[in-house]
**Student:** 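My questions all concern the structure below.
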Amino acid sequence: MDRMVRNLEDLRGIIKYLTGKGVQVKFIKENLTFSGEDTPLSTLLLSVMGAFAEFERALILERQREGIALAKERGAYRGRKIAISE
């Protein structure tokens with residue numbers, strides 16, 4: 001689920017779009033299935049799982065920024081090399 005989108009709003013939108021087209025969306029790891037005729041419980045689970053995925057992504061980015069800042073202080077981080085385009 002967290003590989004599909006980066007935030008809860010996008011997740012809900014994609015699921016709604018796909019189920020509106022008649023597609024059944026099944027998340028194997030989370031054991032959740034969405035078909036367009038979803039129960040309030042499945043909607044809640046989608047929201048909770050999506051929120052956790054968004055939270056996890058935010059934590060990863062925060063740790064990445066902290067690591068880059070520490071590496072810059074040590075002089076070990078120079079960033080990406082500039083690509084020369086023709």
Side-chain angles (χ1 to χ4, degrees):
M1 185 179 295
D2 57 342
R3 305 260 186 227
M4 186 175 178
V5 295
R6 296 292 186 211
N7 62 46
L8 180 57
E9 183 180 338
D10 288 345
L11 177 64
R12 286 183 181 156
I14 289 172
I15 297 299
K16 186 175 182 177
Y17 174 78
L18 292 173
T19 56
K21 297 283 187 180
V23 175
Q24 186 179 30
V25 180
K26 185 171 187 174
F27 295 102
I28 305 296
K29 184 178 175 186
E30 292 85 3
N31 195 25
L32 294 173
T33 303
F34 299 92
S35 61
E37 301 172 3
D38 302 316
T39 65
L41 180 60
S42 65
T43 304
L44 173 67
L45 290 173
L46 177 70
S47 297
V48 170
M49 297 300 290
F52 274 113
E54 186 175 344
F55 176 68
E56 182 180 28
R57 177 71 180 147
L59 288 178
I60 289 168
L61 291 174
E62 184 179 333
R63 287 192 300 260
Q64 182 183 24
R65 283 190 293 271
E66 289 171 356
I68 289 171
L70 290 172
K72 282 182 178 179
E73 286 177 11
R74 291 191 321 265
Y77 182 84
R78 294 184 189 92
R80 225 180 204 191
K81 291 184 180 181
I82 298 174
I84 300 173
S85 60
E86 293 179 31

**Student:** To the nearest 0.5 Å, what is the distance between CD on Q64 and CD on E66?
**Tutor:**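 If I round to the nearest 0.5 Å, the distance is 11.0 Å.
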**Student:** Looking at CG of L46 and NZ of K16, how far apart are the two atoms once the value is rounded to the nearest 0.5 Å?
**Tutor:**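 NZ of K16 is found 12.5 Å from CG of L46.
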**Student:** Quick check for you: to the nearest 0.5 Å, what is the distance between S35 atom OG and K26 atom NZ?
**Tutor:**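 Nearest 0.5 Å value for the OG-NZ distance: 12.0 Å.
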**Student:** Honestly curious: do I14 and L11 fall in one hydrophobic cluster under the side-chain, below-4.5 Å linking rule?
**Tutor:**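 I14 clusters together with L11.
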**Student:** Say you draw a straight line from CG of L8 to CZ of F55; how long is it, rounded to the nearest 0.5 Å?
**Tutor:**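 Between L8 CG and F55 CZ, I get 14.0 Å after rounding to 0.5 Å.
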**Student:** Does a side chain donor of either R12 or T43 reach within less than 3.5 Å of an acceptor in the other side chain?
**Tutor:** no
**Student:** Just how far is it from atom CG of L45 to atom CZ of F27, taken to the nearest 0.5 Å?
**Tutor:**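 Output value for this atom pair is 12.0 Å.
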**Student:** Give a yes or no on whether Y17 and I15 share a hydrophobic cluster (residues Ile, Leu, Val, Met, Phe, Trp, Tyr; joining criterion: side-chain heavy atoms under 4.5 Å apart).
**Tutor:** yes
**Student:** Could you tell me whether the side chain of L18 reaches within less than 4.5 Å of the side chain of K21, counting heavy atoms only?
**Tutor:** no
**Student:** Tell me whether L41 is reachable from L32 by hopping between hydrophobic residues (I, L, V, M, F, W, Y) whose side-chain heavy atoms are closer than 4.5 Å.
**Tutor:** yes
**Student:** Got a second to check how far N31's CG is from M49's CE, nearest 0.5 Å?
**Tutor:** 10.5 Å
**Student:** T33 and Q24: which non-hydrogen atoms are nearest, and at how many Å?
**Tutor:**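 That closest heavy-atom pairing would be CG2-NE2, 3.1 Å.
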